[in-house]
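Reading through the structure tokens given below for one structure.
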Amino acid sequence: MDLNEYLGLFLDESIEHLQAINSSLLVFEQRLDDEAVIDQIFRSAHTLKGMAGTMGYDAIADLTHEMESALDLVRSKTQPATPELIDVLFVAAEQLETMVEDISQGGTGKLDVATTVVRLKQFIQPDAEVKAVTKDPEPTVVKNFECDVYSESVVRQSMASGYQAYVITVELSADVILKAARVYMVFDRLQHLGDVILSNPTSDELEQEQFETSFDVLFVTMKSEQDIQEEIKSVSEVAQVLIQPFEVSVEPVTAATLLEPVKKADDTPSTPVETANESQTPVAAKTIRVNLERIDRLMNLFEEFIIDRGRLERIAAEVGSSDLTETVERIKRGTNELQSLVLTLRMMPIEQVFNRFPRMVRSVSKDVGKNIKLHITGAETELDRTVIDEIGDPLVHLIRNAVDHGIENKADRILAGKPVEGNLSLRAYHSGNRVFIEIEDDGAGINHERVTKIALEKGLLTEEEAALLTPEEASMLLFAPGFSTAETVTDLSGRGVGLDVVKSKIESLGGEVFVETRRGEGTIFRISLPLTLSIISAMLVKLGEETYAIPLTAIIETTALKQDVILQAHREKVFDFRGQLVPLISLNEVYGLPQVESEAYSVVVVRSGEKLAGLMVSELIGQQEIVMKPLGSYLEGIRAISGATILGDGQVALIIDSNALLRK
């Protein structure tokens, strides 16, 4: 049994515990006497320690052990929490994230945490001089094999697979020579019979002969006790072998199992975090982990099935057989339910990305001497997993720039009549078939004159071009390669450093980025991303002889307009929609198709954010599930087209991007 089998489980659970530590630390900083929050951090650190010790990631185990020791002093009210402790805990959390990230990318998870460990030891023993970081004599596993939840989960799965678990006590001869060599020989024999899960003392201590003459091993195997006895006793200088069954309830290993509250070594239960309903019996979630490649294959197969279903619906309509029509309807109902399940498989809440930012904003704002509060909304908004994995770095850069360059320092805010505390908002929401992420600050806004001047100095545009720039175009100069408004280069740098990389990354995901700013009031960076899910509900429409699709999520309603109700305002066609003048957009004109005058037009009313528009079409065909396919590099960049789909009759229909149509 290879422990690498549990790497995915280790990473998933580590990420969850690190998120819990991060969010709890932010609350802990505000409420130093909140016992429930302290307990939450303690439990997460304790579980991480056990998991890392089992998997052999010593740096993580060492660091979490010191965190646990420091927090235990606060829990027991032996020492009060201090700002210095909060700071070092934040540093430790960041280092733990770095190590877990390294492991997820195939690394060893090693990192120099000596300075952080020393700072934690100084809190634990403030009067003692800490000269060097050494291996703590207390083993990373719980003595007497009162397993941490992670080790126990390994044993449970082994037992569920038919293995037996034993605690083996090996007594060496009193006059043994080279104890470490005898221990190695015992372990070598055991490896041929099964797997060693834990040892007491630890393997490092056994190698260094930091024990008397006996040691214990937690061992899983399919062999009998007699086989184990014979193998170990074949090692010379082994005086006695005692084998006892290890008792543990065999139950499914789930994420919920690993999140159960753990007990301290002295069997004192940790104080549970307050819940909404303490009387409710927790139910373990039944989950499995599926490789993304399998989900991709399932999506591709289902896409083809949706295309064939559309073709079958068309054939049924042409044949006119009631039996065939009824069968097709049953297939349609079943596939609609199946579709709702398939579409959610790759979706994940953007909360996984947003969770890292509160701690980051705290750290960066302290570095630049500012008082900034981060407001997060829409963290439950779901995005495709591939986008979730890629959007983190661009958001980090935009947020760091907003903290450093967007929000003024305390003195400037006072002079401007603003509160000393700056506000940074991070929002996510759906609109149409896209997801929008906004980073808004209440800072000084962008100085367009200064931006234009720097662009001229760097040769990014000519005097004639600069004279014709709109404020929106001047703002977008921030994304030009090599552009920077920073007068000095720092670790954070000014707004503009690297923003061309941000723009490139977002565009590579099929997204766009825009800037809105008001002098003295603040700036909004708005990122528009596609829902990369490829099956959507759409309204099929005709433009002349061509068929187009408009995603239903963007549509408010459809209507018919007679020629006499169409008005003119600012040389544009508009119509009265529920007391509001809404612009009319001729799709024939947008896509260069022949214009056809008519006494009445079919209109699809769409929304993008707060903007409304009526899209004039030749004919409404009806709703249909379609498979959204990318246009490819040859056709990408066509205005207001987000992809294409294959219809039931084999024709290709372009998918209209209404958000792009409404953008000015």
Side-chain angles (χ1 to χ4, degrees), residues 10 13-29 31-55 57-103 109-126 128 130 133-142 148-150 258-259 261-266 268 270-271 273 356 358-359 362-363:
F10 168 79
E13 298 302 330
S14 295
I15 290 169
E16 289 184 19
H17 285 295
L18 287 172
Q19 288 176 351
I21 288 173
N22 276 322
S23 58
S24 297
L25 279 175
L26 291 163
V27 178
F28 184 31
E29 184 176 31
R31 303 199 298 266
L32 295 178
D33 57 347
D34 192 323
E35 295 181 2
V37 174
I38 299 169
D39 284 334
Q40 174 63 58
I41 304 170
F42 178 89
R43 280 197 301 274
S44 293
H46 178 88
T47 305
L48 270 174
K49 181 184 78 171
M51 290 162 56
T54 302
M55 296 294 291
Y57 299 122
D58 293 336
I60 296 177
D62 290 343
L63 185 53
T64 48
H65 173 70
E66 299 302 336
M67 291 173 66
E68 184 183 15
S69 300
L71 288 164
D72 201 29
L73 293 176
V74 179
R75 293 170 78 218
S76 62
K77 296 184 169 50
T78 303
Q79 287 182 217
T82 63
E84 291 75 16
L85 174 63
I86 300 294
D87 287 341
V88 71
L89 288 174
F90 272 111
V91 171
E94 188 169 355
Q95 290 177 333
L96 289 171
E97 280 188 356
T98 300
M99 289 186 281
V100 170
E101 176 66 23
D102 180 59
I103 294 168
K110 291 183 178 179
L111 185 70
D112 184 3
V113 297
T115 302
T116 309
V117 170
V118 167
R119 291 176 65 186
L120 286 166
K121 284 181 177 290
Q122 286 172 338
F123 175 82
I124 298 165
Q125 295 178 303
V130 183
V133 178
T134 59
K135 195 76 175 179
D136 195 281
E138 180 187 343
T140 56
V141 299
V142 182
D148 56 73
V149 290
Y150 192 71
L258 296 180
L259 291 173
V262 287
K263 294 186 177 183
K264 296 169 57 180
D266 60 1
T268 304
S270 301
T271 304
V273 176
R356 74 168 87 166
R359 193 195 73 223
R362 174 195 179 274
S363 174

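Predicted model, so just to flag it, every value in this text is computed and none were measured.
At distances below 3.5 Å, not a single donor-acceptor pair connects side-chain atoms of Asp72 with backbone N or O atoms of Glu68. Side chain of Gln40 to main chain of Ala20: no donor-acceptor pair is present (N/O by atom type, distance under 3.5 Å, no hydrogens or angles). Looking only at distances, no side-chain donor or acceptor of Ser24 sits under 3.5 Å from a matching main-chain atom of Ile21.
Salt bridge Asp87/Arg362: present, at least one basic N to carboxylate O contact under 4.0 Å.
Residues Gln79 and Leu85 have side chains not in contact (no heavy-atom distance under 4.5 Å, counting atoms from C-beta outward). In this structure, the side chains of Val88 and Phe123 stay at 4.5 Å or more apart for every pair of heavy atoms. Contact check for Leu63 versus Met99: side-chain heavy atoms found under the 4.5 Å cut-off. Val74 is not listed as a side-chain neighbour of Leu32, based on a closest heavy-atom distance of 4.5 Å or more.
The two residues Leu48 and Ser14 make their nearest non-hydrogen contact at CD2-OG, 3.6 Å. The nearest pair of heavy atoms linking Glu84 to Arg119 is O-NH2, 4.2 Å. Residues Phe10 and Met51 share a closest heavy-atom pair of O-CE, 3.5 Å. Here the closest heavy-atom approach between residue Leu73 and residue Ile124 is recorded as CD1-CA, 3.6 Å. In this structure, Gly109 and Ile103 approach most closely via the heavy-atom pair CA-CG1, 3.5 Å. Here the closest heavy-atom approach between residue Pro358 and residue Leu26 is recorded as CB-CD1, 2.9 Å.
One distance of note links CG of Leu120 with CG of Asp62; it measures 11.5 Å at 0.5 Å rounding. Between the CE atom of Met67 and the NE2 atom of His46 there is a distance of 13.5 Å, given to the nearest 0.5 Å. Interatomic distance, CD1 of Ile86 versus CG of Leu25, reported as 6.5 Å (0.5 Å rounding). Going from atom CG of Asp33 over to atom CD1 of Ile38 covers 7.5 Å, rounded to the nearest 0.5 Å. To the nearest 0.5 Å, the span separating CG on Leu89 from CZ on Phe28 amounts to 7.0 Å.
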Ser69 vs His65, test: side-chain contact (heavy atoms from CB on, under 4.5 Å). Steps then yes/no. CA-CA 6 Å; Ser69 300; His65 173 70; 3.9 Å; yes
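Residue pairs meeting the salt bridge (Lys or Arg N to Asp or Glu O under 4.0 Å) criterion with at least one member in residues 93-102, sequence neighbours excluded, are Glu97-Arg359.
Take Gln95 and apply the side chain to side chain donor-acceptor pair (under 3.5 Å) test, not counting sequence neighbours, and it matches Thr116.
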